[in-house]
Amino acid sequence: MSQEVSPSRHEPAALSVASSKFTYRFFLSVCLLLLVLGSQVLEHTSLGIFILVLMDLLFCADIIFRCALKDVWHGRFSLSALVSVCVLCGFSYSVLMSFHAPNWHGPVSDLYVYTMLLVTLTLWIERRLSREKERTRVFIKKLDDFLPKAARVCVGRQFRKVFARELQKGALVFVKVGERLPCDGIIRKGKTSIDEQLITGNMMPTAKRVDHHVYAGTLNKSDDIYVEATETLPGSAIMGIINAIKTSERHRAGARSLLDGYAAWVLPFIGVCALGLYVGLLIRHGVAQWYSYLGVFLFTAALFCPVAFAFSVVFPSFFARRGGARKKLKIQNLTALEKLVDAQTVFFDKTGTLTYGELRVSGVYPVREETKKPLLYAVITAEQLVDGPFADAVNTYAREHKLKPRKLLAFDVLPGLGVQAQSRGNRILAGSIPWLAEQGITVSQTITQQCEAVICVAVNGEYLGYLTLADELRPGAAEMVDLLRAQRKEIILVSGDNESSVSAIAKEAGIEKYNFFVLPKTKAEIVGNLQGLGQQVAMVGDGFNDIIALLKADVGIVFSSGKNVYNNWVDVIIKRRDLKGIGYLFAIHTKLRRLVRQNVILCVLLNGLLAAGLVWQSATTPAGWQWPVLGALAVVVIVWLNSLRMLHIK
């Protein structure tokens, strides 16, 4: 089911190469580098060192050269092109110095070790970047395993097995307990609970009855059912999610590395500096000395590509993720921060995003005042051992008001409907209005329309009243809205909840535009429509029924609940309880760009000073091969120290 991601015509060639090709070349290059380093220390013959370095270029750096040729052919200056030019200059310089070219002027004895070090570290960097582009396909394959391969079609009073992909719309399918549904459809006979984790991300089973919709790939957990197929497997909701994941992977694979972006101007800068120094020497010593001072040109061109250049982005990116983790932000795609800053519109889901997604008891409404106490004790007794958001809200309310539940003799949970329990000889029912109606209990009160959820309670067939449950806005909402408005972004709240609850949260957060009763599919369509108009869109959700919109958006940000199976596919996961994480993302982006720019300037400038110093002192005698290497490694340390500042985000 997985498919290869086709490389973008705009991305550097190295990003479309499998990371495995860089991996074995990297380890081979490390071995050759150690051999050359030992040979230099032990002062072996120049011929032996030359052969080892030539092997490194032929068998390790070949992939860098090929990628550079492709990039230059398509009019791009990339990291591969920059490294290729400097490696070839360093190798040419070393060969001519090693074999004692007549009248050859060179600042150092050779650049063999420096050249190989540059090749080795570039292979490691390209391997790392390539692996970032090779997003794992394990989850897609797992989804493929979850999909049913066969279906049991009812033909008269018999069953006939067919391949799931051969099902036709309108067919009646029999699904046993423990089987996955082979199609989207409507239950025509039976009552069960369905594990819809693959569709909604919610780990809690959902109760299903006749005329309820069910989805392909979901698990039948309670009882046998008959389902009429309304959509075949290729057009099902689960296939829509898989296709959204693939599209998201393809979209992210085209992102350009910051290293390649900076290499596009570092390479011309190196050429101008080296050529300028060479021309200056010819003007001073005469054009007749062009051959003698060609060594200075090659040396300068080689040394101006710093070994630290590769780390000028890698170190800040590494520490940016660590700095984000300190603020409880898991940044899985750093390039998404750039898109977040450039986005014109930011969509927010309500439940679990602007709000905690954790229900709290917001009101108690007994039929009569004297039934309030029996109502409370009945509901906390019934819900005391239940695991779920409704029960959590009730149990929290009981602890806050110091209400102790009574001894429970027996209880039964009906997922999506309610709880029935036995305590002190009383039969307690706590659940939804339709379920109580099925039990023959009439709900006499008018339930308020402003509440998100209710628990109706009856004891021994007598209706006692109901509890309302509501969600709470996360702290920092107003500050977050002000920040986004200062960034000139349009903020829109989209939710599947009713108008009253959505408008109340929007007003409290300070968001002017909102849409209610928006289905998950419609959220994705809204995002796609804006993108079709040329806008960049960021989506902030809880990762459950927002998954297709999150994957379709240019930036997908989720507030983690710990129960979402799709978290690995979004750009940023916020593990905070407040909304300050959005502001920290902007701060991380600003600081990251500034530090990367500083590192690039630092490493080019310091290596330039190193090259100039070696050229200056070479008037007496060439320096040893170790000085360029030690100087380059010192610059790496400086870049590392500067990058440590990313750990502190304000």
Side-chain angles (χ1 to χ4, degrees), residues 187 190-196 200 202-214 221-223 225 351 357-368 371-398 401 403 405-471 496-498 501:
I187 296 179
K191 183 168 62 175
T192 186
S193 61
I194 301 288
D195 181 355
E196 295 184 331
T200 64
N202 193 346
M203 297 180 70
M204 294 185 62
T206 305
K208 298 288 183 178
R209 301 191 299 276
V210 173
D211 293 335
H212 281 195
H213 285 272
V214 290
K221 294 183 69 75
S222 301
D223 202 355
I225 54 174
T351 306
E358 300 172 0
L359 296 177
R360 310 266 303 183
V361 174
S362 57
V364 180
Y365 300 91
V367 175
R368 298 179 301 277
T371 63
K372 181 176 182 179
K373 188 173 181 180
L375 164 66
L376 288 174
Y377 277 104
V379 71
I380 67 173
T381 299
E383 300 279 3
Q384 61 181 296
L385 298 179
V386 180
D387 184 19
F390 283 27
D392 291 343
V394 171
N395 292 328
T396 300
Y397 182 87
H401 291 78
L403 299 173
R406 290 165 179 154
K407 186 177 180 181
L408 194 63
L409 299 178
F411 77 100
D412 184 23
V413 179
L414 287 80
L417 299 176
V419 181
Q420 57 183 3
Q422 294 287 337
S423 176
R424 293 187 176 181
N426 296 320
R427 180 173 179 259
I428 304 170
L429 300 179
S432 63
I433 299 173
W435 181 58
L436 262 66
E438 286 183 4
Q439 308 302 312
I441 298 172
T442 302
V443 177
S444 57
Q445 290 174 291
T446 302
I447 305 297
T448 174
Q449 298 298 314
Q450 294 186 357
C451 58
E452 295 182 357
V454 297
I455 301 177
C456 296
V457 183
V459 176
N460 297 329
E462 180 186 357
Y463 176 64
L464 299 182
Y466 67 94
L467 282 69
T468 62
L469 291 84
D471 208 347
D497 293 332
N498 59 64
S501 63

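What you see is a predicted model, and the numbers here were worked out from it, not measured in a lab. For this chain, numbers begin at 1 and follow the sequence in order.
- A 4.5 Å side-chain heavy-atom check between Leu469 and Arg360 finds every atom pair outside the cut-off.
- Looking at Ser222, its side chain never comes within 3.5 Å of a backbone N or O of Thr192 through a donor-acceptor pair.
- Atom CG of Leu375 is separated from atom CG of Leu464 by 6.0 Å, given to the nearest 0.5 angstrom.
- Listed by first and then second residue, the salt bridge (Lys or Arg N to Asp or Glu O under 4.0 Å) pairs that reach into residues 417-430 come to none, sequence neighbours excluded.
- Shown here are the ring-ring contact (aromatic ring centres under 6.0 Å, His included) partners of Tyr397, two or more places apart in sequence or in another chain: His401.
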Query raised in the report: Going through the checks in order, is the side chain to side chain contact (heavy atoms under 4.5 Å, CB included) test met by Tyr365 and Leu467?
Result: CA-CA 6 Å; Tyr365 300 91; Leu467 282 69; over 6 Å; no
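- Pairing each heavy atom of Lys221 with each of Asp195, the nearest pair is CD-CB, 3.6 Å.
- By the salt bridge (charged side-chain N to carboxylate O under 4.0 Å, His left out) test, Asp412 is found to be paired with no residue, residues two or more places apart in sequence or in another chain being considered.
- For the 3.5 Å distance criterion, the side chains of Ser423 and Thr381 fail to qualify, holding no donor opposite an acceptor.
- Between the CD1 atom of Ile455 and the CG atom of Leu429 there is a distance of 13.0 Å, given to the nearest 0.5 Å.
- Contact detail for Leu409 and Gly425: the closest heavy-atom pair is CD1-N, 4.5 Å.
- Taking the side-chain hydrogen bond (donor to acceptor under 3.5 Å, both in side chains) definition, one finds that Asn426 meets it with Asn460, sequence neighbours left out.
- Note that CG of Leu403 and NZ of Lys373 are 9.0 Å apart. Values are rounded to the nearest 0.5 Å.
- Considering every non-hydrogen atom in both Arg406 and Tyr377, the closest pair reads NH1-CB, 3.5 Å.
- Among residue pairs with one or both ends in residues 459-470, those qualifying as salt bridge (Lys or Arg N to Asp or Glu O under 4.0 Å) are Arg368-Glu462; sequence neighbours excluded.
- Within the structure, salt bridge (Lys or Arg N to Asp or Glu O under 4.0 Å) contacts touching residues 374-386 (residues at least two apart or in different chains) do not occur.
- Taking every heavy atom of both residues into account, Asn395 and Gln384 meet most closely at OD1-CA, 3.5 Å.
- You'll find the side chain of Val457 stays beyond 4.5 Å of the side chain of Tyr466, heavy atoms only.
- Residue Tyr463 comes nearest to Cys456 through the heavy atom pair CE1-CB, 4.0 Å, listed as atom of the first residue, atom of the second, then distance.
- Evaluation of the side chain to side chain contact (heavy atoms under 4.5 Å, CB included) rule for Lys191 yields Arg209 as partners, not counting sequence neighbours.
- When all heavy atoms of Ile428 and Ala382 are compared, the pair lying nearest together is CG2-CB, 3.9 Å.
- When the side-chain hydrogen bond (donor to acceptor under 3.5 Å, both in side chains) test is applied to Thr371, no partner is found at least two apart in sequence or on another chain.
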